[in-house]
Amino acid sequence: MMSQMPQPTALSRCPSCEEPLEAGDRFCGACGYDLSAVPAPPQDHPTIAMNGSSTRPSEAAASLDWPLAPEPASSDTPAPVHRATDIRGTDSGGSELPHPDTESAAAQHPGDHPSGVQPSGEQPSGVRFDRPPEPDEYPLAPPAGAPAGPVVDPRTADLGAPVTPPAGTKLCVACRSGHVDSDGYCENCGHAQPRERDHMEQELGAMAAVSDRGLRHHRNEDAFAISSTALPDGSPAVVAIVCDGVSSATRPDEASLAASRAAGEALLAALPLGTHPQQAMHEAILAAAEAVNSLAEAPPAHEEHAPHQNAPACTLVGAVVTPALLIVGWVGDSRAYWVPVDRSSPPARLTEDDSWAAQMVAAGLMSEAQAYADERAHAITGWLGADAYELEPHTASFKPDRPGVVVVCTDGLWNYAEAAEEMAEVVPLDAAERPLHSAQVLVGHALDGGGHDNVTVAVVPFPAPPQGAGSA
């Protein structure tokens, strides 16, 4: 069988390189293009016009010569560019389109003829050649109420670069781009921000304190103050005050903060003057009580969402450590423990709670196990505040005969290590050398146990190591 040979296509120019062709050419002499692969032109010329009617192009349209761009004068001169408005085009029927200069008036009302009457047989055109060039990028409009200045495009901004918030504002810890409002929420993503007091750590020389909000409370109502000073003979004295706000009272966080600051400042003022540390502790508790009482007279810094407003209140426990003496003072159920470095020696609890359970045990009405198993066990009978029944500061002085550490804490910790032996088990063996690490471990113990309350603990080594005078 004879195979079918491809029939030459009648073309005037090569479809690939535009080289002129001779009749009967099967391949382009310039580029070698296979001309037999070019399909034969169809016999009819259907065209769908923009207005929906089907017409045939005129001879003028078929023979239209498009202008060629001239070669540049030199390699450094760019070639001129033809715009659509420079070319006299035709519509789908082959009729010449009006030039934009003559169409500008009609363009103001597309579809209307300049004379006001649409000629018979013509259809309105929706194609505009006189539109201004559109920009490559559209600038973003600034948000409503935004200050004047350049607008940052989030599509091109470097999100990893640190953003400096305006003076007096904080940056959101979640999205790192929004500012935090006065209520503590991000204005961009709405994320609630951690409060400054949610977790606090401080290390001062050989002692340290840590406070944490815990896992169940919405804020930290504990506070602490640690400091150091010198006695008149030049020997060092270190001070640790820990306060626990009474949650059932109004503004307990303000009460604990005011009490811790007032007590710490009173001790720093009295000890260098030669006041006996036990007397200085008593006076510091009175100063703390006065500071909390004054909160009941002052207007609140913010509205409390509570149907009943009562006086702010808190508990307090403090310790003063010198080279020879250990003094503790307290009101309420915050505690101080003694844990010797030599764990073969017994630990001890240095305070007695102002609580219902402690009163029942002291009166001989219940055993300690029975009292603390009662649901009323942690009801406090003493506190600092304007509505306290009667302020009875407790102080005690000790002369330890061996080195150790004093653990000063709120019930958020000792609820998970109540007995002195239990507390000694969770205090790290190197607590005297690493007080901050030890305080962190103790707070972690409470959080691992459930973290039902705020947790605050100060770790103070005894005897007080020699150090320069000063406070923090």
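This one's a predicted model, so the numbers in the text were calculated from it and none came from an experiment.
- Taking NE2 from H179 and CG from L171, the interatomic distance works out to 6.0 Å, rounded to the nearest 0.5 Å.
- Between the side chain of D411 and the backbone N or O of N415 there is no donor-acceptor pair closer than 3.5 Å.
- Heavy-atom minimum distance, V457 versus A439: CG1-O, 3.7 Å.
- Using a distance-only test at 3.5 Å, with no hydrogens or angles considered, a donor-acceptor pair links the side chain of R343 to the main chain of A424.
- Side-chain atoms of Y337 never come within 3.5 Å of backbone atoms of V405 as a donor-acceptor pair (strictly under, hydrogens ignored).
- A donor-acceptor contact closer than 3.5 angstrom links the side chains of H199 and E201.
- When all heavy atoms of S334 and W330 are compared, the closest pair comes out as O-CB, 4.4 Å.
- Judged as a salt bridge (Lys or Arg N to Asp or Glu O under 4.0 Å), and not counting sequence neighbours, the contacts of R376 are D374.
- Although no hydrogens or angles enter the test, the distance criterion places a donor-acceptor pair under 3.5 Å between the side chain of N454 and the main chain of R213.
- Checking N188 against S177 by side-chain atom types alone, a donor-acceptor pair falls below 3.5 Å.
- The structure places NE2 of H282 at 7.5 Å from OG1 of T395, a figure rounded to the nearest 0.5 Å.
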Q) Does the pair M281 and L267 meet the rule for a side-chain contact (heavy atoms from CB on, under 4.5 Å), with working shown? A) CA-CA 7 Å; M281 177 63 75; L267 285 167; 4.2 Å; yes

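- Counting only distance, with no hydrogens or angles, the side chain of D333 and the backbone of I380 share no donor-acceptor pair below 3.5 Å.
- Side chain of T275 to main chain of A270: a donor-acceptor pair is present (N/O by atom type, distance under 3.5 Å, no hydrogens or angles).
- When the options D253, D212, D198 are evaluated for a salt bridge (Lys or Arg N to Asp or Glu O under 4.0 Å) with R219, the one that passes is D253.
- A donor-acceptor contact closer than 3.5 angstrom links the side chains of S211 and N220.
- Panel note: side chain D453, backbone A446; no donor-acceptor pair is recorded below 3.5 Å.
- Across all non-hydrogen atoms, the minimal contact from A313 to A249 is N-CB, 3.8 Å.
- We find the NZ-OG1 distance between K399 and T322 to be 9.0 Å, quoted to the nearest 0.5 Å.
- The minimum heavy-atom distance between S248 and N310, with the atom names listed, is O-ND2, 3.1 Å.
- In terms of heavy-atom proximity, A386 sits nearest to A311 at CB-CB, 3.9 Å.
- Counting only heavy atoms from C-beta outward, the side chains of L325 and H276 approach each other to under 4.5 Å.
- Using a 4.5 Å cut-off on side-chain heavy atoms (C-beta onward), L391 and L384 make contact.
- With sequence neighbours left out, the side-chain contact (heavy atoms from CB on, under 4.5 Å) criterion links A417 to E422, M423, V426, H445.
- Rounded to the nearest 0.5 Å, atoms CD (Q278) and CG (L326) are 10.5 Å apart.
- For the pair Y416 (side chain) and G451 (backbone), a donor-acceptor distance under 3.5 Å is present.
- A donor and an acceptor atom, one from each side chain of D354 and T381, are nowhere located under 3.5 Å apart.
- Checking each of I241, L271, L268 against S227 for a side-chain contact (heavy atoms from CB on, under 4.5 Å) leaves exactly one that passes, namely L268.
- Using a 4.5 Å heavy-atom threshold, the side chains of R335 and D353 count as touching.
- Contact of the F224 side chain with the Q202 side chain is registered, since non-hydrogen atoms from C-beta on lie closer than 4.5 Å.
- Atoms CG and CG, from L447 and L442 in turn, are 11.0 Å apart once rounded to the nearest 0.5 Å.
- Between the side chains of T456 and T410, no donor-acceptor pair is found at a separation under 3.5 Å.
- Using a 4.5 Å heavy-atom threshold, the side chains of M366 and Y372 count as separate.
- The number of heavy-atom neighbours closer than 6.0 Å to CD of E352, taken from other residues, nucleotides and ligands shown, is 12 or below.
- Side-chain contact between V441 and H437: present, with at least one pair of heavy atoms (C-beta onward) separated by less than 4.5 Å.
- Legend: side-chain hydrogen bond (donor to acceptor under 3.5 Å, both in side chains) pairs involving residues 256-269, not counting sequence neighbours, sorted by first then second residue: R197-S256.
- Residues P312 and P252 are not in side-chain contact: their nearest non-hydrogen atoms beyond the backbone lie 4.5 Å or more apart.
- When side chains are defined from C-beta on, M207 counts as touching P461, because their heavy atoms get closer than 4.5 Å.
- Closest approach of I327 and S397 over heavy atoms only: CG1-OG, 4.0 Å.
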